[in-house]
Amino acid sequence: MSHLGGTKSIEVDAPIEACWTLAADVASAPEWQAGMKSMTVLDRDAEGRPSLCETTADAKVKDITTKVRFSYQEPTRVAWTQEEGELKRLDGAWDLEDLGGGRTKVTYTLDGDPGRMLGILIRGPVEGKITDLLVNGRPAEFKARVEGA
């Protein structure tokens, strides 16, 4: 496997401001994202938001630790890219689109290369489970969290 990721969207019954608040609160991710074990803030930007974090996530075959750099384009995008870690490459984003009437379209994108060794471990049925966990389930988790379900 040379690619890890995908894109998934969902409509949320909450205004874009509420969705932005959750997306920008990257340090809370382990509280509501399955498989996310920890998020340690290592540095903050001029506005006090986490800019560099160390994350540990359960990738089914092993825990993966990475250092990711966050960028913010309020109120529509929170993006991240791996600076160091066990993966060869990892980029992702939450994109928010105001649909009006207190509704927001939330799109989660993850794009990564697990590298040769990890790629060998996560082939076959494990690959689908990892994609379900790390991509397909994220928007539903976001929706549940922001809607208070």
Side-chain angles (χ1 to χ4, degrees), residues 1-60 63-115 118-119 122 126-149:
M1 180 172 124
S2 61
H3 180 258
L4 176 66
T7 299
K8 185 82 171 179
S9 297
I10 198 166
E11 290 187 12
V12 176
D13 290 322
I16 194 168
E17 296 83 9
C19 293
W20 169 258
T21 298
L22 180 59
D25 185 10
V26 299
S28 75
E31 297 172 15
W32 58 275
Q33 292 183 14
M36 179 70 67
K37 291 187 162 191
S38 68
M39 174 84 69
T40 304
V41 177
L42 303 174
D43 197 12
R44 294 185 179 274
D45 67 14
E47 295 182 37
R49 302 174 298 204
S51 60
L52 182 65
C53 296
E54 183 173 271
T55 68
T56 301
D58 177 3
K60 296 294 181 199
D63 288 351
I64 303 295
T65 300
T66 62
K67 286 185 182 174
V68 292
R69 175 82 50 194
F70 288 90
S71 62
Y72 303 86
Q73 296 172 346
E74 188 172 352
T76 59
R77 184 174 175 84
V78 175
W80 57 92
T81 190
Q82 176 184 279
E83 289 194 347
E84 293 179 31
E86 297 179 63
L87 303 175
K88 186 173 181 181
R89 181 184 53 77
L90 182 68
D91 299 293
W94 287 108
D95 288 297
L96 310 174
E97 179 185 346
D98 189 347
L99 299 176
R103 294 184 51 79
T104 305
K105 179 179 178 184
V106 176
T107 301
Y108 181 79
T109 303
L110 189 69
D111 184 31
D113 182 342
L118 185 57
I122 58 176
V126 175
E127 179 181 353
K129 289 181 182 181
I130 291 171
T131 299
D132 282 343
L133 176 71
L134 297 180
V135 179
N136 297 335
R138 289 292 187 247
E141 293 170 333
F142 189 103
K143 179 179 175 82
R145 180 75 171 201
V146 81
E147 290 180 359

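Position 1 is the first residue of the sequence; numbering continues from there.
Residues A27 and V41 approach most closely at CB-CG2, 4.0 Å, considering heavy atoms. A pairwise comparison of heavy atoms in L96 and C19 identifies CD1-C, 3.8 Å as the closest pair. The two residues D45 and E47 come nearest to each other via the heavy atoms OD1-N, 2.9 Å. Scanning both residues, I10 and A140, for their nearest heavy atoms gives CD1-CA, 3.9 Å.
By the 4.5 Å heavy-atom criterion applied to side chains, L90 and L110 are counted as neighbours. No side-chain heavy atom of V26 sits less than 4.5 Å from a side-chain heavy atom of W80.
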Verify side-chain contact (heavy atoms from CB on, under 4.5 Å) between W94 and L22, making sure each step is shown before the conclusion. CA-CA 10 Å; W94 287 108; L22 180 59; over 6 Å; no
Begin from the C-alpha positions of D63 and E86 and carry the test side-chain contact (heavy atoms from CB on, under 4.5 Å) through to its verdict. CA-CA 10 Å; D63 288 351; E86 297 179 63; over 6 Å; no
Go through it in stages, so that I can follow the logic: the residues are E74 and R49, the test is side-chain contact (heavy atoms from CB on, under 4.5 Å), and I'd like the CA-CA distance, side-chain angles, deciding distance and then a yes or no. CA-CA 12 Å; E74 188 172 352; R49 302 174 298 204; 4.2 Å; yes
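Of the inter-residue distances, the one linking T109 atom OG1 with R138 atom CZ reads 13.0 Å to the nearest 0.5 angstrom. Residue S28 holds its OG atom at 10.0 Å from CE of M36, rounded to the nearest 0.5 Å. One finds the CH2 atom of W20 at 14.0 Å from the CG atom of D98 (value rounded to the nearest 0.5 Å). A distance of 5.0 Å separates CZ of R69 from OG of S51, quoted to the nearest 0.5 Å. To the nearest 0.5 Å, the span separating CD on Q82 from OG1 on T65 amounts to 10.5 Å. Rounded to the nearest 0.5 Å, atoms OG1 (T107) and CZ (F142) are 10.5 Å apart.
Of the possible donor and acceptor atoms, none in the side chain of E54 sits under 3.5 Å from a partner among the backbone N and O of L42. Judged by distance alone, with hydrogens and angles left aside, the side-chain atoms of K37 form no donor-acceptor pair with the main-chain N or O of P30 at under 3.5 Å.
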